[in-house]
Every structure is written in C-alpha cells, then in structure tokens.
Chemist: 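Below: one structure in structure tokens.
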Amino acid sequence: MEQIKTDLMTINMGPQHPSTHGVLRLELKTDGEIVDSCRPYLGYLHRCFEKHCESLDYLKIVPFTDRMDYLAAMNNNWAFALAVEKMMGIEVPEKCEYLRVIVSELNRIASHIIAFGTFGLDIGAFTPFLLAFNQRELIFDLLEEASGARMLYNYIWVGGVARDVTSEWLKKVKGFCESYKPVINEIDDLLSYNKIFVSRAANVGIVPKDLAIDYGFTGPNLRGSGIEFDLRKDEPYSIYDKFDFDVPIGSGEEGTLGDCWDRYMCRIRETRESIKIIEQALEGISLEGDIYEAVPKNFNKMPKGEVYVRSETPRGEMGIYIVSEGGKAPTPYRCKVRSPAFCALSILEKIAKGVMISDIIVILGSIDIVLGEVDR
Amino acid sequence: MVIADFAFILVAAFVLICACVVVFHNKIIYSAFALLFCFFGVAGLYVFLNAEFLAGTQLLVYVGGISVLILFGILLTKNIEDLTSKEVSTQKIFGGLISVTFLGGLIYMVNSVDWKVSTPKPIENSPVEIGKLFMSDFLIPFEIAGVLLLVALIGAVVIGRDTDKDLEV
Amino acid sequence: MSYFGDIAKAVSTISTGMKITFAHFKNVGKNKGTFTTQYPKETLTAPAFSRQQLHNNIDDCIGCKKCAMACPVDCIDIVTVKAGADELSDCSDGTKRRLHLTVYDIDMAKCMFCGLCTYPCPTHCLTINDDHNFIKFERSELKYKFSAYSPEDVVRIEKEAAEREVIAKAEKAAKAKAKAEAAAKKKAAEVAKAKAEAEKVETAPEPEKTEPKAKTEPVAKTQVEQVVEVKKEEVKLPVAEAKENEAKAEEIKPTEDASKEANSDNETKES
Amino acid sequence: MDNIFLWIAITLGAMVGLVSVVGIVSIYLERKISAFMQDRLGPMEVGFGSLVNAIAGKEVLREGRIGLAQSLADGLKLLQKEDIIPDGADKFLFKLAPMIVFAGTFSTFAALPLAEYFIPADVNIGLFYILAISSFGVSGILMAGWSSNNKWGLLGSLRSTAQMVSYEIPVGVSLVSIVMLTGTLSMKGIVVAQEGWFWNWHLFGAVGHHGLIGFVLLPMMVINFIAYFIGSLAETNRAPFDIPEAESELVAGYHTEYTGMRFAIFFLAEYGAIFVGNAIAVALFLGGWYSGIPAIDQANIPGIAPLVFILKTFVLIFVVMWIRWTLPRLRVDQLMTLCWKYLIPFTLFTFFSVAIYKVFIV
C-alpha cells in the first residue's frame, strides 16, 4: 500500500522559546509531531570573547571568562588560569589549590543543579526544579561570601585566588555538604525514578559510544554514553590526584546505554562525587599562607609561544589555547576556547531525525548546553 | 406558546444560515466550522421534538466527534499555513440547476404528503425506551450497524498503519 | 507481566513523589519550610564585601588613574588638573594630594562588577560595597559623579592651573635653556655615547623604586608597574627628541614632571 | 412570561457568579498550593483591603496580607490589557474561539446537582448532557489554534483535540458503569441513590444498598473512579496531561497568541472545566451533596448541601493540583498509550463486571 505523504511543516523554535536554554534557534521540519530535521542556528549570544581577549591583558580577561559559561564561572576562571600558569610556569600555593577545588566543585554542583533542574522542567516537572534551586541558592550564598559575587565571580586569578576565606566559611561549606545529601535523595525519589520521567527520558536521544566520540562529546554527556573519561581522574590537574572519588558512568539501567536518562543520572551522581571531593578538600586545607604569593606582578615575563590546556568543567572538557607574543604589557595574540557545549550541540542534527517534538526538548535539555559558552 | 415558537424560529434560522455558509463560503475551514454549528442547531431542533437523548447523541457524535474529525482532516491535509487559500466552485450553473431541481422536488413532496399530527404524549424517560427497542424490535439492524462500524474501524487501522516501524511506542 | 509491572511501578513511584510534595506542603512556614523572603518587609544581608556598587571616597583620592587603567570595560572616567602647592589637604592616611579631580565619573551601566579596579587603589579610597539597591529609571542616572567640584569651581581651577602653568613654563624654559646648553657642551665632547647615556639615566632607577611595594600589594604593584611603563614611554620619546629640538622639549617637559610627581606620590603613601 | 425571564436571568446570573468565583478561587488555590509545595509563599501582597485602597488611590498597607485578592487583581489587570489580535490571524474566528470554549464549559454548569433543590436544569439525561456539551468546547480550541495563525497554536490545538476525543471513551465507559448500576442518567437520581452513610457512595461500592455482595463492586468502583479521574485530568488538559499547552514545548499551545481578557476567558474556562470534571466525580462517586453521615444531612441546616458538595469538589481539585505540581508531563504517544492500552481495557473490564453483577446478582 502506498504511503500517505504529507507536507513537512517548518517550525521555528527560538530564539525566544521557553526551553531552548538561552537564545538558540532551532529550525524544525516536522511531519505532524515527528521531526524530520532539526537544524540549530547559533550566534544570538555571540560576544566576540576570543577577539576581545586579544586587546585585554591577562588579568582583565578573567572576568570575561566568567561570562562564557555563566553557570560555572569558577571552572572557566580556572581553565583560563591554568593555561596562563602553564605558560608562565607558575607554581600555585597549595592553599590556593584547595580553595580552587572547593569553589569549583561547589560551582559544579550549582551548574548540575541547573542542568537536571531544567531538564525536569523541560519534561514538565516544576517542583524538583525549585527544590534543587534552593540548594543552588545556598551555594551562591557561600560563593558570594568567598568571592563577593553570586554568579560571575572573577575569583580564580592567574597564580592564586582573589580573596582569602575564613574558617567560618569552611564550616559553612561543611554544613552545606551535609544539607545537600538528603535533598539529592529527595530529587531521586521525586524525579529520577518517577515512572513518567523515566518513560520520557529513557530510550530517547540515544548516543552510542562511537557516536559520542565522533562528535566530540565530553564530560557528563560522554560518561552518559558509558565511557569512563574524566580529566580530573585521567589527566589530573591541580591537586585532583589527592582525592578519592568515582567517575559515574551511564549504564542504561532504565533504557538503552547513552539515552537522555543516563546523561541526566550522570549529573545527579556527579554532584554526590563533588560533595565527596569537597569534604576531602575541607579536611586537607590549611588556612595558613598567602594567597597572593604566586600572583604575577605583571605579565612581562609571559614568554613567546603557545599553550593548550584542558580542564574538566561541568559541561565537559574546556580547552584554552593561547598564543602569546610576549613583550611588555602583553595581550594574547590569539585566544581560542574549545567549548564542550558547542561540540555537544552539534549532535542534535544527527539524533533528532524521527523523534517527536517533545523529544527534541528532552534531548536538548539532556546535553545541557549554555548558549553563553556555545557562542562565546 | 409564543416563546417556544420564537426560539424555534431562532434555532431554525441559525441552522439554515450555517448550512448556507457551509455551501457558499470560500474558505473550507469556515465551511467546516459552519457544519459543526449546523449540527449543533439540529441538536436544538431535536430538543423541540422532546427527543433530548437524541439531541445529546447528536452533540456527542456529530459535534464532538464527526465535525471535529472533519476539521482535523482539513487541518492535516490542506495547506494550513496559508490562511488565504480559497475554494471556488467551478460549476456554479450546473450545480445550481441540480439543487433547484432537488429543492422543487422536496417542496412538492412536502406539500403532497398528508402529514399526521402526533397525538401521544412524549415519552418521559426516552433512553430506557430506546434501549428496550434496540434490544427487541431493532436488534438485527443494531447488530448489523455495530458490525459494519467495527469493519470500518479495522479497515481504517489497516490503511492508516505505518508500515515501517520507525517510532517505537 | 510487565504490563501489570509497569502499572505497579507507576503507582509506587508516583505515590512516593506525591508523599514528598505533600511533606513540603505541610512544612510551609516551619523552620526551613520556605525559602522566600518577603522582600520589602524583610531583607537579606549581603556579605560585607559583596561586589555591588562602586564608591569613591573622593577626599582620599589622589587621581592616580590606576583604577581607570585596571577597568576592563573603561567605565571610570577621570580628568585631573594639577593643583598649586598646599592647595589641597592630605589624605586620611597622609598621602599628599597634588591633583584636582575635576571629573571622576563611574558609569555603573557599563560596570561589570569584577572589582578589579579596587585592588590597585593606593589609598583604598575606591571600594566596591554591598549597597545593591540602586535602581534608576534612566540609564544616565547610573553615571555616578564623585567629583566634589561644581562646574564653576572646575572653570576656576582650570583657569588657575593654566596661569600656574604659564609661570612654570617660563621658569622651566629658563632651566631647560641652561640644561640644553650644558648638554650641548657634553654633546660636543661625546657625540657617540650621548644617546645611550641619556636612556640609562631615565630608565635605570625607576624599577628599583617600585619593588619594595611588591610584598604587600602584589596586584597593586602590577598596576603600578604598568603605570610606570606607560609613563616611561611617554617620557622617552620627548627626551630623545629634546636633543634635536629644544622648543618641543619645553612644551612637553611639564608632563614629564607631573608623571614623576605621581610616582613619588605613590612611594610616599606606600611607605 | 415574566416569571420565565426572571428565572432565566437569576439562573444565568447565579451560574456566571459561580463560574467566576470558582475560577478565581481555583487560581488562588493553585498559586498557593504550588508555592507551598515548592517551599515558596506565593502571592502575599494583595489583600482585599489593599486592592480597594489601590483602586481608590490610597496608600497600600502591606501588613497581614496573604494575597487573598491576588487573582481578582489579576483579573482586573487582564481586563485593562490591550487586546492584541495578530495581523495574520483570522479575526472572526479568533474572536469567536474563546467564547465557544467558555460556552462549552459554562453550559455544563447547568446540570450540576449542587443540592437537591439547586440544580439549574434537572434534565433527565443530565450526565449525558454534560458529556455531550463539554465536547462542544473542543471545536473552540481547534478554532483558537487555527485562527491565530501560529504553528505552536495549531500543534497545541491538534494535540488537545486528539487528547479530548480519545479520553472521552474511558471517561464515558467508566460513567456508564454508574449509570448502569443506578439505572438513571439524571444527576439528581444518581446522587439520591447514594443517600445515607458514606459506604453508600459508589466509590465504596454502595455496600449499604447492596449488602455484603456489594463488596464485589468495591474494587470495580475504585478502578472506575481512578480511570475517570485520570480521564478527566486529560480532558481538562491538566498535568501530567497538559501537552496541549506544554509551556516547555509549545510555548502556550492554542492560546499562545491570546492576550488580555480573551486569554482570561480561556483560563476561566479551563478552571471551570476542572471544577465540572471533579464535580461529576463527586456527584457520581462521592455521594454528591450528602456528607456521608445521615445525622448531618437530616439536620436540615440551610445551605449545608451545596457547601458539602463544593467542599468535596475542592478536595478533589486539591488533588488535581497536587498531582500537577508533582509529576512530569507525558509525551503525546504515551498519553495515547495510557488511554488505549490501560484505561480503556480497565474501564471495559469494570463495565462488563458491573453488567454481570447487575444481570445475575441483583
């Protein structure tokens, strides 16, 4: 029997749409509810970060890295600081390293809260989102106390951190770790294993191992596909080799390996691991020492050359590539950022064929993009 | 009962106007909506005949079911993105001739038949009576209609089923 | 069997979820039951060093422009006029003030709240405080003017400064003439070495000056050095040219002096 | 003559009042309940006093408000809003659609048995009438989605219609079981059949009327009630079946382009539909206006019967909201799966069981 053929309908999702996670535009060609093709259009949040760097000195670039992945500003600061430190050969004091680990892991939790909270929101669960957001609020209070800002911290500087912390602050962080554990269990009960949620997220947007590698997936997205790769474990930078933590990977326990539920669950489990790391760091830190010790007086010693450093941000592997010409009052000759969300977004076109419109939202939510980082 | 007459005229006029819109309107979607209102008006006419159950059935089946399905069909098949698309009749003269002939025949029939005025009181609990009739005098037609609908249903499923299973439910 | 299994799972997970939401519903108003604060009635206190609004204590500001240079978005606008001797009072920490700040504007609409400008401030007069309640209806209202002078004052100060400058110029011209004459004599003696020596004299002492500051205020120092470098560049060119063109040197030398004064200012307050 | 017009005017007025009050109260409850479940407080600023003061231009005091007049104030705000009709819209149908949707809901209020003496139109096919007339609102939703010339609106209305047409089947079948048991379509008749102690309610198998053998009915009726409740959630487009207006997918579904009062009418109609859906559940399964304790019913306290009815309905509405703020949303195909693979078989099973009970046991 001949198939009944209908016209495709072109739908414009975004740039203003509740669940495009920022200003992303998707051009959907649908056959009724079934998506025939989905093409992302980027650039609505492009702010010329890379070009802008070329006219700023290294100290001034740090607040701009905040604005790339605005949900995980600490990790961005750190990625950039790592690159410049490697270039200049700076040894960071141990206290600063501990502080960096604590704030970055706190920020990782905050970022993952947004990721799984909005993922639930995309599927229609409002309450888990807000319950998780309360915890994010607590993290922001802590980070504000440490750095002075709630979202865009400018805290991790090249060679150190911007501000010292007090022992009361460390106690508060400890308190937060305790209060967070029951909440994540509650989210598990309320959302993760909910039958409706599982049926919406499992077996949707499956990214097999080889496809994930082909498209440059990193971070929780890659681990959701069952590949155990975490820069903190496999290529430890800073003092991550001192900590004992697991790398949660997707197992396809509710559906197929590499589906949206696996990616979601990876994030949930990663927050638990982050709490573990923070607790260990709180034990290891000593408050003696000068945080400004290794902060370079100026960047005149910046050598000529280039450097590429990668680090694990909540969205995956962020690479910073800097070409320097050295000299006095130097600025980068070229700065390039390898954005994990950008690579992850590219898979949308591949796996969106034949799914339903509702699934597009779920897939988009599960790869957890931040448009500030995609467009830069 | 002046009010009842007045209401009847209102409803009848509504049905007629809607019917005219169905036939004469250029936009097919207007015709479909007018058809829906036409069915709705007919349900009102049933109420005047003390056939509430039938009126309800008319609403449920024709308004809530068939009209909506027709609308559904139009929305899914027509070029719905274009609000200005129009359907123009190309055979106005021929069509008009046929309808005038048909109207003449109907008028002749209405006038020639000797209509009887119904004397018995309307049945109080019509659903019960209808149910009883279905299960006694009209059992065979009822069953045949049921089987026919079932056949149509299965046929529709067979035709409409997607042969390639690309969407797992 | 999975048919009924699915139903059982759905019922159990949904009832678990509903239990949780009902527990939250019950706990409203109790301790930790609600997270919202009724804003106008009750306010949250931001940490003391929360970065919310820039404030400049203009009485302590020496007009060094380090903050403006540290700003990544150029939101600080400073214009200074050289003051006469003893015209201005000292800062609270004893630093001499030698510049009238006729314009000190911070455009909070441009500000990105990174706080980088507050670190190099030598007198700690520029602070970023926790006052977060600065809603305005016009963008222009977000331009905060810190200068203590009225427009008339500014006109007067500029006029006075110009007068002083004329006098100073005349003095300097006389000095420079003498200098130039001396230099010309030297030149005649050592034509080949003259250029190299002149540069040494200018550059050598200055890095030593700034180094003691490093331990206390590393970032400040970075900025200081940058300031110094920039000033040096400004200075170098005219000096080199001075050997060929005396008239030009006369015009530019006041600036050179001013920059040196600024540097000495830094030193005093740092110590 | 005069009497008839007066009666029509009074009834219509009472019904309009009921619909608006129900809508306003439900919206307030929705906001408060959702807030409490999410560790928030919800509207706290607008009380009736401050609303009056604000309208009169006096100073608005903040003390002691719990936001009681919030939805009223929202309604006033929506009334004042600009009425925007998109340029590319089909203007006639665009204006007509909210009226049709509202009419569909509004007409169903006519047959609600608030009390034995307070049924605006006690037709002998009351239940059938409600089912039939509520299907009329579907066309309004289709009309709204199509006429606004917005693809999200169109998709929303298509989803909504498919959903409502499908879920009419389990809802209808589950109600037919009750009709079969009581032998009447009249809402009044069905409620009267549940008089007395609460175990006479149909939810509990009407044990009082049928004796011990009635316990056979109990599980059937519970399944029926749950099926009806899920079906009515879907028919009123409530979460977890709110796919027609899924804000994360379709922006706002069929009323994406509506603003101001037209939007408010859609909203009012939605909450009206929720009330009607749960009122039917109360009337058919939960004993209608009977409190479940004969002493209270026989005390003849004026106004207690409608109060009991509305109270029961709002308890169910609370459950509806509780579900909404707990559960995620289903996908279109899963919605249909739930309907065709789960609800319809179960309701058909109970339908046959009740038929067997009626024929062989009673």
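In what follows, chains are A, B, ... by sequence order, proteins preceding strands, each numbered from 1. Heavy-atom basis, side chains included; hydrogens, waters and symmetry copies ignored.
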Chemist: Step through the shown structure and confirm whether more than 12 heavy atoms of other residues, nucleotides or ligands are within 6.0 Å of CG on B:N111.
Modeler: yes
Chemist: Does any backbone or side-chain atom of B:F53 lie under 4.5 Å from a heavy atom of chain D? Answer side chain, backbone, both or neither.
Modeler: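 Both parts, heavy atoms under 4.5 Å.
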Chemist: Looking only at non-hydrogen atoms, find the nearest pair between D:I133 and B:F40 and report the distance.
Modeler: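 Smallest interatomic distance, heavy atoms only, reads CD1-CE1, 4.2 Å.
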Chemist: B:F134: what forms a ring-ring contact (aromatic ring centres under 6.0 Å, His included) with it, not counting sequence neighbours?
Modeler: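 With sequence neighbours excluded, B:F134 shows a ring-ring contact (aromatic ring centres under 6.0 Å, His included) to B:F142, given in chain and number order.
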Chemist: Any side-chain heavy atom of D:M164 sitting closer than 4.5 Å to one from B:V68?
Modeler: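 SC-SC contact between D:M164 and B:V68 ruled out.
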Chemist: Quick one: what part of D:L185 sits under 4.5 Å from any heavy atom of chain B, side chain, backbone, both or neither?
Modeler: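 For D:L185, side-chain heavy atoms alone lie under 4.5 Å from chain B.
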Chemist: Do you know the tightest heavy-atom contact between B:G56 and D:A132?
Modeler: O-CB, 3.4 Å
Chemist: How long is the straight-line distance from OG1 of B:T57 back to CG of D:L131, given to the nearest 0.5 Å?
Modeler: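 The distance works out to 11.0 Å.
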Chemist: For B:F8, look at atom CZ and say whether over 12 heavy atoms of other residues, nucleotides or ligands are found less than 6.0 Å away.
Modeler: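 At most 12 heavy atoms, drawn from other residues, nucleotides or ligands, come within 6.0 Å of this atom.
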Chemist: Ignoring hydrogens, what is the shortest heavy-atom contact between B:F37 and D:I100? Give both atom names and the distance.
Modeler: CZ-CD1, 3.2 Å
Chemist: Compare all side-chain heavy atoms of D:L93 with those of B:Y30 and state whether any distance is below 4.5 angstrom.
Modeler: yes
Chemist: Are there over 12 heavy-atom neighbours, none belonging to D:K95, within less than 6.0 Å of that residue's NZ?
Modeler: no
Chemist: Counting only heavy atoms not in B:L150, do more than 12 fall under 6.0 Å of its CG?
Modeler: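 Counting neighbours around CG of B:L150, more than 12 heavy atoms of other residues, nucleotides or ligands fall under 6.0 Å, so yes.
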Chemist: Measure across D:S139 and B:L36 and return the closest heavy-atom pair with its distance rounded to 0.1 Å.
Modeler: CB-CD1, 3.2 Å
Chemist: Which atoms of D:F136 are under 4.5 Å from chain B, going by heavy atoms: the side chain, the backbone, both sets, or neither?
Modeler: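 Interface part for D:F136: both.
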Chemist: Pairs under 3.5 angstrom only: tabulate donor-acceptor contacts from the side chains of residues 93-108 of chain B to other protein residues two or more places apart or in another chain.
Modeler:
unit_1, atom_1, unit_2, atom_2, d
B:S99, OG, B:G95, O, 2.9
B:S99, OG, B:G96, O, 2.9
B:T101, OG1, B:L97, O, 2.5

Chemist: Tell me, do D:W146 and B:L71 make a side-chain contact under 4.5 Å, heavy atoms counted?
Modeler: no
Chemist: Look at atom CZ of B:F48 and say whether more than 12 heavy atoms of other residues, nucleotides or ligands are closer to it than 6.0 Å.
Modeler: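 Result for CZ/B:F48: enclosed.
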